[in-house]
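Beneath this line is the structure, given in structure tokens, with notes to follow.
In this text, all values refer to a predicted model and were calculated from it rather than measured experimentally.
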Amino acid sequence: MGYAVVLGEALVDLLDTERDGERVYRQAIGGGPLNVAVGVTRLGGAAQFVGSLGDDVLSGRIRGFLTEVGVGVAGAVTVPAPTTLAVVTYAGPEPDFRFYGEPPSYGLLGPDDLDVTLVQGADVLYCGSVVLLRPDTLAAARRAWSLAAGLRVFDPNVRPRLLDGPAALDGLREVVAEFAAGAHLVKLSTADAELLYPGEPVEGVAAYLRELGAATVVVTLGAAGAVLAAAGADPVRVPAPKVNAIDATGAGDSVMAALIADLLLDGEPDDPAAWVERVAFALRVAGLVCESPGGATAMPTRTDVTRRFGR
């Protein structure tokens with residue numbers, strides 16, 4: 001088994017919660033790609049986080065946390081900026097994110113900052129999330145994508161509040177098509193699909209991304225499970241387990257983490273039925289994440305998943 005390079009953002013979430021009758025913000029280390037890297041490691045894979053981190057105390061906590069859970073940070077660079085904060089509020093289980101910090105600490109990784117040997121040696125390369133909206137990090141992701149010798153996986157993980165009007169959405173849609181065309185696996189959420197391709201059914205979105213060149217596409221549907229479009233088969237729906245959800249933060253990231261961990265352990269399946277089993281396992285991982293508060297700290301081990309769901 002080799003390792004995955006996860007290229008993207010790391011930041012600090014301020015989670016809106018109630019304590020002793022007052023509204024307070026609970027600090028949590030986060031960022032979709034960071035959650036993915038942690039999830040891969042917790043599920044038995046090896047991950048290297050590649051991104052830019054600020055030069056403050058919060059960044060030190062992020063580095064310390066990643067090191068403690070076993071995620072490599074050799075590809076993380078320190079930049080002269082405060083750590084970006086994401087204020088997270090809820091109107092139900094789905095979180096709403098607002099980002100603070102300009103320039104964002106996560107958006108300052110340039111293509112020349114990449115550890116080429118680290119990227120080329122990876123069995124899996126992940127790119128995606130809000131770094132796609134920043135010129136430097138988008139250029140870095142494009143360079144990493146071109147250098148990758150292993151499997152390439154992609155997750156747009158769209159944050160609508162960071163899109164500055166229709167032109168920005170059109171630009172992101174072009175970036176998604178660009179990365180999907182060379183991806184072995186694309187994962188996106190229903191919200192991503194609805195924003196990028198309004199009015200299109202999720203099965204149609206999955207089929208379209210496969211037509212662009214993606215080998216396999218997974219669209220998560222929350223409590224309804226996921227749509228899987230794999231080579232040699234029509235799109236199918238994979239059900240999710242019933243859980244007592246209290247916080248969906250990191251659930252989609254955990255699906256991506258589980259799929260990457262299985263790619264590291266067993267490679268790319270050539271049988272659609274094997275993909276169904278992998279997606280079903282990933283949805284069990286996500287279900288368990290939803291039963292705990294927070295994102296990165298809620299990522300489970302395989303033993304945790306077996307203990308909760310019995311298989």
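For the residue pair T301 / D304, a side-chain donor-acceptor distance below 3.5 Å is found, with atom types taken as modelled. Looking at S129 and N157, their side chains do bring a donor and an acceptor atom within 3.5 Å of each other.
Going from atom CG of L34 over to atom CD of E9 covers 9.0 Å, rounded to the nearest 0.5 Å. How far CG of L228 is from CD of E277: 11.0 Å, rounded to the nearest 0.5 Å. Atom CG of L66 is separated from atom CZ of R61 by 14.5 Å, given to the nearest 0.5 angstrom. Atom CG of L85 and atom CG of L14 lie 5.0 Å apart (nearest 0.5 Å). The OG1 atom of T89 sits 7.0 Å away from the OH atom of Y25 when rounded to the nearest 0.5 Å. One finds the CG atom of D155 at 7.5 Å from the OG atom of S189 (value rounded to the nearest 0.5 Å).
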For residues 254-269, which side-chain donor-acceptor pairs fall under 3.5 Å, sequence neighbours excluded?
residue	atom	partner	partner atom	Å
S254	OG	A251	O	2.7
D262	OD1	R302	NH1	3.4
D262	OD1	R302	NH2	2.7

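Follow the hydrophobic side-chain contacts under 4.5 Å out from V130 and you never reach V38; the two are in separate clusters. Follow the hydrophobic side-chain contacts under 4.5 Å out from V88 and you never reach M299; the two are in separate clusters. V77 and L53 fall into different hydrophobic clusters, where Ile, Leu, Val, Met, Phe, Trp and Tyr are joined by side-chain heavy atoms under 4.5 Å apart, directly or via other members. Under the 4.5 Å side-chain contact rule for hydrophobic residues, F97 and Y106 share a cluster.
Between R308 and K242, the shortest heavy-atom contact is NH2-O, 3.8 Å. Across all non-hydrogen atoms, the minimal contact from A10 to I62 is CB-CG2, 4.0 Å. Looking at every heavy atom in both residues, P80 comes nearest to D55 through CA-OD2, 3.4 Å.
Using a 4.5 Å heavy-atom threshold, the side chains of V158 and L163 count as touching. V6 has its side chain out of reach of V50: every pair of non-hydrogen atoms, C-beta onward, lies at least 4.5 Å apart. The side-chain heavy atoms of V5 and F49, taken from C-beta on, include no pair separated by under 4.5 Å. Side-chain atoms of V227 and V236, non-hydrogen and from C-beta on, never get closer than 4.5 Å to each other. Considering only heavy atoms from C-beta on, Y126 stays 4.5 Å or farther from L7 through its side chain. In this structure, the side chains of R23 and D16 come closer than 4.5 Å at one or more pairs of heavy atoms. Contact of the L188 side chain with the L209 side chain is registered, since non-hydrogen atoms from C-beta on lie closer than 4.5 Å. The side-chain heavy atoms of V186 and V176, taken from C-beta on, include no pair separated by under 4.5 Å.
The main-chain N or O of L133 is never found under 3.5 Å from a side-chain atom of T137 such that the two would form a donor-acceptor pair. The backbone N or O of T249 lies less than 3.5 Å from a partner atom in the side chain of D247, making a donor-acceptor pair. T83 places no side-chain N or O within 3.5 Å of a backbone atom of L11 that could act as its donor or acceptor partner. Proximity of a side-chain donor or acceptor of D170 to a complementary backbone N or O of A167 within less than 3.5 Å is not detected. The closest donor-acceptor contact from the side chain of S146 to the backbone of R143 lies under 3.5 Å. With R173 contributing its side chain and L196 its backbone, the two residues share a donor-acceptor pair below 3.5 Å. Using a distance-only test at 3.5 Å, with no hydrogens or angles considered, no donor-acceptor pair links the side chain of D253 to the main chain of N35. In this structure, R152 contributes its side chain and L125 its backbone to no donor-acceptor pair below 3.5 Å.
Scanning for salt bridge (Lys or Arg N to Asp or Glu O under 4.0 Å) contacts around R98 gives an empty result, with sequence neighbours left out. The side chain to side chain donor-acceptor pair (under 3.5 Å) test applied to T84 returns S105, not counting sequence neighbours. Judged as a side chain to side chain donor-acceptor pair (under 3.5 Å), and not counting sequence neighbours, the contacts of R161 are D96.
Pairs passing the salt bridge (Lys or Arg N to Asp or Glu O under 4.0 Å) check and including a residue from residues 197-218, sequence neighbours excluded, read E203-R237. The ring pair (Phe, Tyr, Trp, His ring centres under 6.0 Å) analysis of residues 202-225, with sequence neighbours excluded, yields the pairs Y197-Y208.
Other residues, nucleotides and ligands contribute at most 12 non-hydrogen atoms within 6.0 Å of the CG atom of D234.
Note: W145 and F154 have perpendicular aromatic rings, judged against thresholds of 30 and 60 degrees for the angle between ring planes.
For the pair E102 and R134, the salt-bridge criterion is met [side-chain N within less than 4.0 Å of a carboxylate O].
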Set out, in order, the CA-CA distance, both residues' side-chain angles and the distance that settles side chain to side chain donor-acceptor pair (under 3.5 Å) for R63 and T78, then state yes or no.
CA-CA 10 Å; R63 282 184 180 272; T78 299; 3.0 Å; yes
